[in-house]
Engineer: 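Below are the structure tokens for one structure; questions will follow.
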Amino acid sequence: MALSQIMHLSFISIVLSLAVISSAGNAEYGPITSKADKPKLEKEKEKLLSSLIGVQGLIYCKSPSKFIPLQGAVARITCVGVDEYGYETAPFSILSEATDAKGYFLATLSPKEVEENWKIKECKTFLELSPSYDNTCNVPTNVNSGIDGALLTSSRFLGDKNMKLFTVGPFFYTSDVPKSVANNGY
């Protein structure tokens with residue numbers, strides 16, 4: 001075969017490959033035939049992404065010289081919802097599972113569990129419960145907004161779990177009573 005014939009066949013092969021790819025579109029959403037279909041595709045994708053929200057983080061016991069994973073601690077995630085008419089709802093909360101031996105927690109929330117037609121808006125994560133009932137590591141600190149509430153801002157999408165995963169913290173408990181509380185005479 002002459003070089004010009006090989007180049008011509010290669011060009012045809014590339015054109016045919018591109019035609020097959022563009023006509024196939026996205027197998028999940030069907031072929032994209034025009035720019036008008038893109039907003040529909042984006043809406044479907046947004047709907048898919050908002051189906052499950054996960055919040056993960058670490059909770060530690062902060063001693064003067066080291067950080068120790070706090071097993072059995074619980075975080076609280078509080079969100080504001082927006083109803084179908086655009087009105088904000090009263091905040092609602094969920095609790096994470098207790099942290100494991102490494103201090104790791106995960107909480108999941110499905111908008112379907114909240115209320116149909118609500119959109120979840122502005123979620124924060126707080127320290128909720130320490131497993132220490134004596135004076136060791138039962139005082140929450142505001143490191144990384146553990147008391148004020150860490151705002152969920154950036155996430156990554158886990159396709160295999162169909163989840164938007166947010167990471168917060170790490171959060172810390174300590175056994176030290178803050179000076180402002182200790183000096184109030186209570």
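Sequential numbering from 1 along the given sequence is applied to the chain's residues. No hydrogens, no waters, no symmetry mates; every other heavy atom, side chains included, goes into these values.
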Engineer: Examine distances only and state if a side-chain atom of Ser96 and a backbone atom of Ala75 form a donor-acceptor pair shorter than 3.5 Å.
Structural biologist: yes
Engineer: What heavy-atom pair brings Thr78 and Ser93 nearest, and what distance separates the two atoms?
Structural biologist: OG1-OG, 2.7 Å
Engineer: Got Leu152 and Lys124 here, is their nearest side-chain heavy-atom distance under 4.5 Å?
Structural biologist: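 Side-chain contact under 4.5 Å: no.
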Engineer: Show the numbers, then the answer: is there a side chain to side chain contact (heavy atoms under 4.5 Å, CB included) between Leu151 and Glu122?
Structural biologist: CA-CA 7 Å; Leu151 192 60; Glu122 194 177 305; 3.7 Å; yes
Engineer: Look only at the side chain of Asn142 and the backbone of Ile147, and say whether a donor-acceptor pair between them is shorter than 3.5 Å.
Structural biologist: yes
Engineer: What is the minimum heavy-atom distance between Val80 and Thr89, and which atoms define it?
Structural biologist: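 That would be CG1-O, 3.8 Å.
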Engineer: What I'd like to find out is whether the side chain of Ile94 reaches to under 4.5 Å of the side chain of Val55, using heavy atoms alone.
Structural biologist: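 When only atoms from C-beta onward are counted, Val55 and Ile94 do not touch, as no gap falls below 4.5 Å.
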Engineer: Measure the spacing between CD1 of Ile59 and CD1 of Ile68 and express it to the nearest 0.5 Å.
Structural biologist: 15.0 Å
Engineer: Over all heavy atoms of both residues, which pair between Phe105 and Leu58 is shortest? Give the atoms and the distance, please.
Structural biologist: CE2-N, 3.9 Å
Engineer: Answer yes or no: is there a side-chain heavy-atom contact under 4.5 Å between Asn162 and Phe157?
Structural biologist: yes
Engineer: Of the options Ile53, Leu52, Leu158, which is the one that meets Leu165 in a side-chain contact (heavy atoms from CB on, under 4.5 Å)?
Structural biologist: Leu158
Engineer: Mind checking what makes ring-ring contact (aromatic ring centres under 6.0 Å, His included) contact with Tyr104, not counting sequence neighbours?
Structural biologist: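 Partners of Tyr104 under the ring-ring contact (aromatic ring centres under 6.0 Å, His included) test: none.
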Engineer: Would you check if Glu128 and Leu95 make a side-chain contact, meaning some heavy-atom pair closer than 4.5 Å?
Structural biologist: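 They are in contact (side-chain heavy atoms under 4.5 Å apart), so the answer is yes.
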Engineer: Classify the angle between the aromatic ring planes of Phe172 and Phe67 as parallel (below 30°), tilted (30 to 60°) or perpendicular (above 60°).
Structural biologist: tilted
Engineer: Give the minimum heavy-atom separation between Thr125 and Phe171, together with the two atoms involved.
Structural biologist: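 What the structure gives for the nearest pair is CG2-CE1, 3.7 Å.
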Engineer: Do Ser145 side-chain atoms and Asp148 backbone N/O form a donor-acceptor pair below 3.5 Å?
Structural biologist: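 Between the backbone of Asp148 and the side chain of Ser145 there is no qualifying donor-acceptor contact (under 3.5 Å).
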Engineer: Could you check whether any side-chain heavy atom of Cys61 comes within less than 4.5 Å of a side-chain heavy atom of Thr174, counting everything from C-beta outward?
Structural biologist: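 Heavy-atom side-chain distance check fails, nothing below 4.5 Å.
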Engineer: Would you say the ring centers of Tyr60 and Tyr173 fall short of 6.0 Å from each other?
Structural biologist: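 Centroid distance Tyr60-Tyr173: not below 6.0 Å, so no.
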Engineer: Grab the two heavy atoms, one from Ser175 and one from Cys137, that are nearest each other, plus how far apart they are.
Structural biologist: CB-N, 3.6 Å
Engineer: Distance from Leu106 atom CG to Gln56 atom CD, nearest 0.5 Å?
Structural biologist: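 Nearest 0.5 Å value for the CG-CD distance: 6.5 Å.
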Engineer: Heavy atoms, side chains only, cut-off 4.5 Å: are Val168 and Asn144 in contact?
Structural biologist: no
Engineer: Does a side chain donor of either Thr99 or Gln71 reach within less than 3.5 Å of an acceptor in the other side chain?
Structural biologist: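 No - no donor-acceptor pair under 3.5 Å links their side chains.
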Engineer: Identify the heavy atoms of Ala101 and Pro69 that sit nearest to each other, and give their distance.
Structural biologist: O-CB, 3.4 Å
Engineer: Do Ile77 and Cys79 touch side chain to side chain, with heavy atoms closer than 4.5 Å?
Structural biologist: yes
Engineer: When you look at Met163 and Thr108, which way does the side chain to side chain contact (heavy atoms under 4.5 Å, CB included) test go after all the steps?
Structural biologist: CA-CA 9 Å; Met163 177 190 303; Thr108 58; 3.8 Å; yes
